[in-house]
Amino acid sequence: MAPTTPPGPESSVLERIEDRLGSLTASMATKDDLKSLTTAIQDTLRAEMAGIRSEVASHAGRITSMEEAAEALTARQTSADTAIARQGTLLLSMRRHLEDLDNRGRRCNIRIRGVPEDDSTAENVVEILTEIFQTILQPTSPEHIEFERAHRITRPRSLEDGPRDLICCLHSFPVKDTIMRKARERPTWPYRSAQVALYNDLSPITLEARRALRPVTAALRDRNISYKWGFPFALLARHHNSWISMRWPEDVPRFMEELGLPTPVVPNWILGSTAPVPRPQRLPRRREARSPSAHPARRRRNPASPEE
């Protein structure tokens with residue numbers, strides 16, 4: 001019988017390695033373990049994806065409703081813009097009609113500027129105007145001119161502004177037209193010791209528009225271009241045997257270009273304020289307190305008296 005070799009250090013190392021490998025192999029996951037782990041991961045992912053899908057679906061519904069609301073809002077905004085633009089056009093048309101009606105109501109009016117005011121006596125406005133008109137209409141002045149009303153304008157008197165204007169309404173428009181045609185022959189007319197000027201009584205809206213167009217009329221006068229005012233409001237200039245008209249602020253560049261003139265800076269008289277300037281209110285008078293002695297003695301009421 002052969003003698004046994006005692007275990008050396010190499011065999012003990014191998015045994016330890018084998019034991020270690022065996023323990024590692026025993027602790028390794030089996031196919032069933034991997035299958036159960038995969039199933040758990042899949043279940044977790046399915047649950048998470050289901051939550052994400054529900055959130056995405058809810059967000060998609062909200063986004064769809066928001067898009068529909070935005071489209072409806074855009075449609076309403078477009079409709080509102082169209083309505084506002086139409087209302088703006090209608091307001092401009094109403095403004096033009098009101099201006100024309102106001103001027104038609106003043107068609108028989110004449111404004112006279114420069115007539116001195118007499119503080120000593122009450123002035124007879126009709127007599128003053130009759131004398132002025134008869135001077136203008138000479139030598140064919142009528143003996144009698146019929147007035148509907150005549151008065152000075154109602155504004156506070158001021159030495160800086162000079163005498164207040166006189167305004168009259170004649171009964172006959174042909175008489176008023178004849179007076180204004182003769183009055184245009186001279187810038188001023190003599191009245192006693194003063195010089196007076198006659199103007200058509202126009203609407204404040206028309207006057208504001210004419211003031212805004214002063215740079216245009218000044219350029220027309222510098223080029224000796226004939227122009228006239230139209231009603232409803234318009235500025236007409238004669239060019240190459242035809243009339244060029246301008247009615248709105250937007251027409252200024254086109255109007256000046258057709259006349260071959262540079263376009264001046266013209267304020268938008270439509271957007272300007274046409275409200276009348278409020279009259280200054282008079283301050284209430286302060287009454288000074290009087291002493292009882294300053295008051296006359298009052299008679300006491302006697303009920304028994306026959307006079308009571």
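The one candidate from H239, R238, R221 that meets the side chain to side chain donor-acceptor pair (under 3.5 Å) condition with Y227 is R221.
In this structure, R247 forms no cation-pi arrangement with F233, as its terminal cationic atom is not both closer than 6.0 Å to the ring centre and no more than 45° off the ring axis. Because its NZ or CZ atom is both nearer than 6.0 Å to the ring centre of W243 and within 45° of the ring axis, K228 counts as a cation-pi partner of that residue.
The CG atom of L170 lies 10.5 Å from the CE atom of M180; values are rounded to the nearest 0.5 Å.
Looking at heavy atoms from C-beta onward, I110 lies out of side-chain contact with N200 at the 4.5 angstrom threshold. Contact of the R223 side chain with the L261 side chain is registered, since non-hydrogen atoms from C-beta on lie closer than 4.5 Å. Side chains of Y191 and I128 form a contact here, defined as non-hydrogen atoms less than 4.5 Å apart. With a 4.5 Å cut-off on side-chain heavy atoms, L213 and W229 count as touching.
A side-chain donor from one of T188 and Q195 sits under 3.5 Å from a side-chain acceptor of the other.
With hydrogens and angles ignored, the 3.5 Å screen pairs no side-chain donor or acceptor of D201 with any backbone N or O of R106. With T206 contributing its side chain and L202 its backbone, the two residues share no donor-acceptor pair below 3.5 Å.
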side-chain contact (heavy atoms from CB on, under 4.5 Å) assessment of F147 paired with C108: CA-CA 10 Å; F147 293 84; C108 290; over 6 Å; no
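Across Q134 and P142, no two heavy atoms sit closer than the pair NE2-O, 3.2 Å.
Salt bridge R96/E99: present, at least one basic N to carboxylate O contact under 4.0 Å.
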